Each structure stands twice: as structure tokens, then as C-alpha cells.
Amino acid sequence: MHALELEIIGAGKSFGEFRALDDVSMKIKAGTVHALLGENGAGKSTLVKGLVGYSPLDQGIIQADRREVEIRGPRVPNTLGIGMVYQHFTLAPSLSVAENLLLARGGMRWRIHWNLERQVLQEFMEAMPFRLDLDRAISGLSAGEKQKLEILKQLYLRRRLLILDEPTSVLTPQEADEVLGLMHDLTRREELTVLMITHKFHEVTAYADDVTVLRKGKLVGSTAVADTSPAELAHWMMGQARVEKETVARPSVPADAQVGLKVGDLLVLNDRGVAAVNGLSLQVRRGEIVGLAGISGNGQKELVETLLGQRRRLSGAVQIGGADYQASRAEMRERKVFALPEEPLRNACIAGMSVAENMALRNFDVAPFKRNGWRVDRGAMRRQAQALIAAFNVKPPVPERAIGTLSGGNVQRAVLARELGDSTRQEDAVNVLIVANPVFGLDFASVADIHARLLQARALGAAVLLVSEDLDELLELSDRILVMTDGAIVHETNAAGAERAELGRWMAGHHADRAPPAQQDIPLETA
């Protein structure tokens, strides 16, 4: 098996009158790692969907090993050895590693000859640069191991060119380096070519040979990584010189600052009835951002759902401003607890309702929106939406448009607009803001805007709990960082002196033999 060379000449794709991809050409040299960059809507997904046959291109020429091929469906990419590892796992969690590998192959007969299949799988695994126990259940694998299995599935299918879509988004720094390092080694052995979609410049400079940037469906530039810089790449992506973030004065949080959010000895079960949050305690002071780091699946989702009233706690207590808190809708409004949950289109919006209606979900049943006991004043609702859309730069600025038709970044802005509102006024100031993976998959402009909103909330005295799987984001925004593993806080450090490698080791559970840090002034009465 040898690496595949792929060249795309004049690729184009339209959806109605919208031109998603316009005359894009690029060459992915055999045995290299080629990075593909671009903001949301730049055309990256349209291009790679054309390469794997999921959504064929309208125009252009594709050459594989210098021979022209026509890709109108998945058959030709499979024959050529083109595969893709998606951003989210595509594994069957109740099956074993061996069973998932066989599922990937497909075309199985009604009876599986396991002795023969296991021998073949074992020989395959021994030839791989990284290995997994064939008998391990997927449910027991870490995020890094699952990502490795996704790659092993493609190598088992004898792929010659592998497309990686944000391959490190759920990995610790150590796991990310290991996975990308292995991909780099395979390309050096000329066994594989890699096309990597990423938004992390340090991954491009550390592992890629060449880089191509798309913007608004057009090719901006393609060059060797050695001949460019992160600043130039950012300029290519955004169409203007990258604006340096304005330095905001961030005074340290006084030791006697009021505690906004306090959680004590919390116990919460997941959907399977197993403890997902297990004796967790933490506190966030007013005017402080506390970052909660951890690999996905360690109880963060259940914690956030409990704090937002979407999941019941089995025991433990939560306080807002020193008073008990049961996370009812009335309490959240009264105590000024606001949130931007993960995947807001699914968890914080009703996709088929308009932007104006979604922006009124918090207050449609109070004056001035509720009139004559039951009637909703849609004029007032629209005026509120117009003001929030303008203040938070939601596009398109159309209150009547269904929120499910907006881009990810604009959905985030719309939810933040609803949650933060006119928080510059003292009577509307946010007390507690709970945020989960707020910029996952968003472009630079959206990331910068949403991060600025979080810092503004901190400056206005909000206690901000920031749950994120992105260490760069946590290190940039947080005052303190807590690490959550197996449903409990296992490590705490000031963000200013935090080391990525050390945080990664705690996230991976490599310090499980050491006692978790003692939380100061935490104990609460059990609810």
C-alpha cells in the first residue's frame, strides 16, 4: 500500500443560487500532511464531501495519481482508498474493538468465522504503529483511544488518503500529539497521505507539510508551511490583517469577593443510572471565570444539566449568592442565572421558531410581553429581538427568520443575546453565567466575539463557570482552572501559572493515585 497523490482542478459547487465552492484548485502530494483552513462557510466541508462522494462536485477535475477520475458516489473513493475520520465518533459503543473493525469492512455473511477473523485482525493490529485490545468494549475506551480506533478502521480498509476533520477536538494535548505524530510517521513512510481540516495553527506548524486556505468558497492561497506564518494564514482566512485582541484590564479577584455559585458534594446519575457527578464540590466568585477542563464523558454534561434544571441531583447542594438553589425556571430568572449550553440549537433553542420567539423564551410570560393575563405582545417581542440582534451582531438581522436556519456562530450569538441581554444595566446584571464549549467549531470572528462577551460578563461582576474541552480557550479566559475526571474535581490551579502538559496528565487520569485538592469553604448541607 502506497500513499495517494490527489489533485483538484477548478472545483465548483452550487446550492441553488448560492455558490459554495468556486474554481478551487489544490494539490495534495503523496506522503504528506496537507492542512485545510478556513472559517465557517469557507467551503471546506463542501470540498471534502465532494472528494468522498457524499455530495458530488458540480464542476472541476479530480486526478488520483495523475489519472483523471470521476467521483459521483462513494464507490470510486473506496476503490481509490480515500477515507474520512469525522469530527464525532462513528463507533458502536456496545460492541468490541474487533466487532467495530468488522462493521467498518461491511459485506459480512450471516455467520462469522471468528477464529479466522481474529487471526487476520491480530496480524493487522501487530503491523500498526499503535494498538488496541481487540476484546475491549468501545464504552470503556478513552476519547483518545476512540480516535485511534477511528483511524485504525480506515487503515484496516487499506486507505491511501485519509481526511481528518478536526481530529484533536476531543483529545488531551498528549493524545493530540500522539495521534498527529502517528499520522506524520505514516506519511513519512509513504504509506499514507493526510488531508487535515483544523483551526489550530500550532497543529499546522507542527505537523503539516503544506497548507491551503479557503475563504467564501474561493481559494486564497496554497503554500508550504515552512514558507508562511500563523499571522499570514490568519490574514488569508479573514480577508484582512488579523486584529489583535484589545488588552482588557483584568484585575485579580479579591479573596473576599462574594461567592456567586457554590456546589457541595454533588451526586448526579447519568442516563444509565451510573454516577456521572460523584461528590463534586466547587465555587465561583463574583467577577471570576473558573474554567472546568476534562475529556468529554467525565460528567461535565450531567453537571451543566443539573445546574440548569435539566437533570435531577441525587444528593448534594447548590447555592447562588449564598441561598439554596433548585434550578427552577422562576429561580433562574429571580437569581439572574444565565447559560450558554453545549450545542445551543438543540439544548437552548426551538429550531423551527423564529429568532424573536427564541429570544423571548425567558420573558414571554412577564410584562411587557404578557398582556391581559394571557396574550403575548408580539410587537414588543419583535422590538426586543431587533435591539438584541443589533447589540450582538446576529446575522442575518431578521427577527422572523427560523433560528434553525442560522449558522452555528449566529445561533451562539442569538442565545448569548437572550441570556445576557442589556446586562450593562445594574438591574439586569448577570449573577451567574454557566457556559459549555461556547465556540466549538466556530470561526475566528465568532470565537473572538463570544470570548469578548464572556470577559465583559466577568468585568460586570458575573460568576462565570466555563466548561470546555479546549485548553487554549481555558488558559486564555480563566482565572482558575479545575480538572474534572470521573465525575469529581481532581486538580485545581491558577490559570496564569498552569502548564498544558500537567493539565493534560490530570485530564487523562494519570494522577488518579493522588488525592483531589481540598476545596476551600465548600461544605454545604445535603439537599
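Owing to the predicted nature of the structure, the values given are computational and were not obtained by experimental measurement. Positions are given from 1, in the same order as the sequence printed here.
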message = What verdict does the side-chain contact (heavy atoms from CB on, under 4.5 Å) test give for Y207 and V225, after you've listed the backbone C-alpha separation in whole Å, the side-chain angles of each residue and the deciding distance to 0.1 Å?
response = CA-CA 9 Å; Y207 297 104; V225 172; over 6 Å; no
Would you please name every residue forming a side chain to side chain contact (heavy atoms under 4.5 Å, CB included) with [X], sequence neighbours left out?
X    : result
D209 : T32, V33, R188
S229 : A231, E232
N363 : A360, V366, F369, Q384
L103 : A92, L95, M108

note = The single option from T193, I82, V194 that satisfies side-chain contact (heavy atoms from CB on, under 4.5 Å) with I163 is I82
Any residue meeting side chain to side chain donor-acceptor pair (under 3.5 Å) with [X], in chain and number order, not counting sequence neighbours:
X    : result
N437 : E342
K301 : E305
N431 : R286
E419 : R362

Just list the side-chain donor-acceptor pairs under 3.5 Å for residues 460-474, sequence neighbours left out, or say none.
from : atom 1 : to   : atom 2 : distance (Å)
S468 : OG     : D470 : N      : 3.0
S468 : OG     : E473 : OE1    : 2.6
D470 : OD1    : D472 : N      : 3.0
D470 : OD1    : E473 : N      : 3.4
D472 : OD1    : R500 : NH1    : 2.5
E473 : OE2    : H451 : NE2    : 2.8

Do [X] side-chain atoms and [Y] backbone N/O form a donor-acceptor pair below 3.5 Å?
X    : Y    : answer
R131 : Q122 : no
R418 : A348 : yes
N270 : R272 : yes
Q154 : R159 : no
Y325 : L307 : yes
Q326 : D324 : no
Q174 : A501 : yes
N494 : R480 : no

Quick check for you: to the nearest 0.5 Å, what is the distance between [X] atom [atom1] and [Y] atom [atom2]?
X    : Y    : atom1 : atom2 : value
F338 : R333 : CZ    : CZ    : 10.0 Å
L280 : Q300 : CG    : CD    : 10.0 Å
E178 : Q147 : CD    : CD    : 11.5 Å
L433 : L420 : CG    : CG    : 5.5 Å
R453 : D449 : CZ    : CG    : 5.0 Å
L162 : L195 : CG    : CG    : 9.5 Å

A quick test of your reading: do over 12 heavy atoms of other residues, nucleotides or ligands sit less than 6.0 Å from [atom1] of [X]?
X    : atom1 : value
Q310 : CD    : yes
R312 : CZ    : no
R346 : CZ    : no

I want to check something: taking the side chain as every heavy atom from C-beta on, are [X] and [Y] in contact at a cut-off of under 4.5 Å?
X    : Y    : result
T212 : H34  : yes
V211 : L37  : yes
T306 : V318 : no
I450 : V435 : no
V439 : Q412 : no
N358 : V415 : no
L406 : V394 : yes
D210 : I28  : no

Charged N to carboxylate O below 4.0 Å: is that the case for [X] and [Y]?
X    : Y    : result
D479 : R458 : yes
K153 : E150 : yes
D265 : R313 : no
R189 : D185 : no

Qualifying ring pair (Phe, Tyr, Trp, His ring centres under 6.0 Å) pairs with a residue from residues 300-320, counting only residues at least two apart or across chains = none
inquiry  = I need the full list of ring pair (Phe, Tyr, Trp, His ring centres under 6.0 Å) pairs touching residues 134-170, with sequence neighbours left out, sorted by first then second residue.
reply    = F124-Y156
Taking all atoms of both residues into account, what is the closest heavy-atom pair of [X] and [Y], and its distance?
X    : Y    : result
L192 : L161 : CD1-N, 4.1 Å
G140 : E145 : O-OE1, 4.4 Å
P341 : L308 : CB-CD1, 4.2 Å
T493 : A498 : CG2-CB, 3.8 Å
A293 : M507 : CB-SD, 4.3 Å

message = Is there a side-chain contact (heavy atoms from CB on, under 4.5 Å) between E191 and L155? Walk through the geometry before answering.
response = CA-CA 10 Å; E191 296 178 5; L155 298 179; over 6 Å; no
message = side-chain contact (heavy atoms from CB on, under 4.5 Å) for L503 and V483? Distances and angles first, verdict last.
response = CA-CA 7 Å; L503 289 171; V483 178; 3.8 Å; yes
Set of salt bridge (Lys or Arg N to Asp or Glu O under 4.0 Å) partners for R118, sequence neighbours left out = D135
inquiry  = Quick one, V263 with Q283, criterion side-chain contact (heavy atoms from CB on, under 4.5 Å). Give me CA distance, side-chain angles, the key distance, then yes/no.
reply    = CA-CA 6 Å; V263 179; Q283 63 181 14; over 6 Å; no
task = List the steps, then state whether salt bridge (charged side-chain N to carboxylate O under 4.0 Å, His left out) holds for E502 with R505.
result = CA-CA 5 Å; E502 179 73 0; R505 285 191 288 271; 2.8 Å; yes
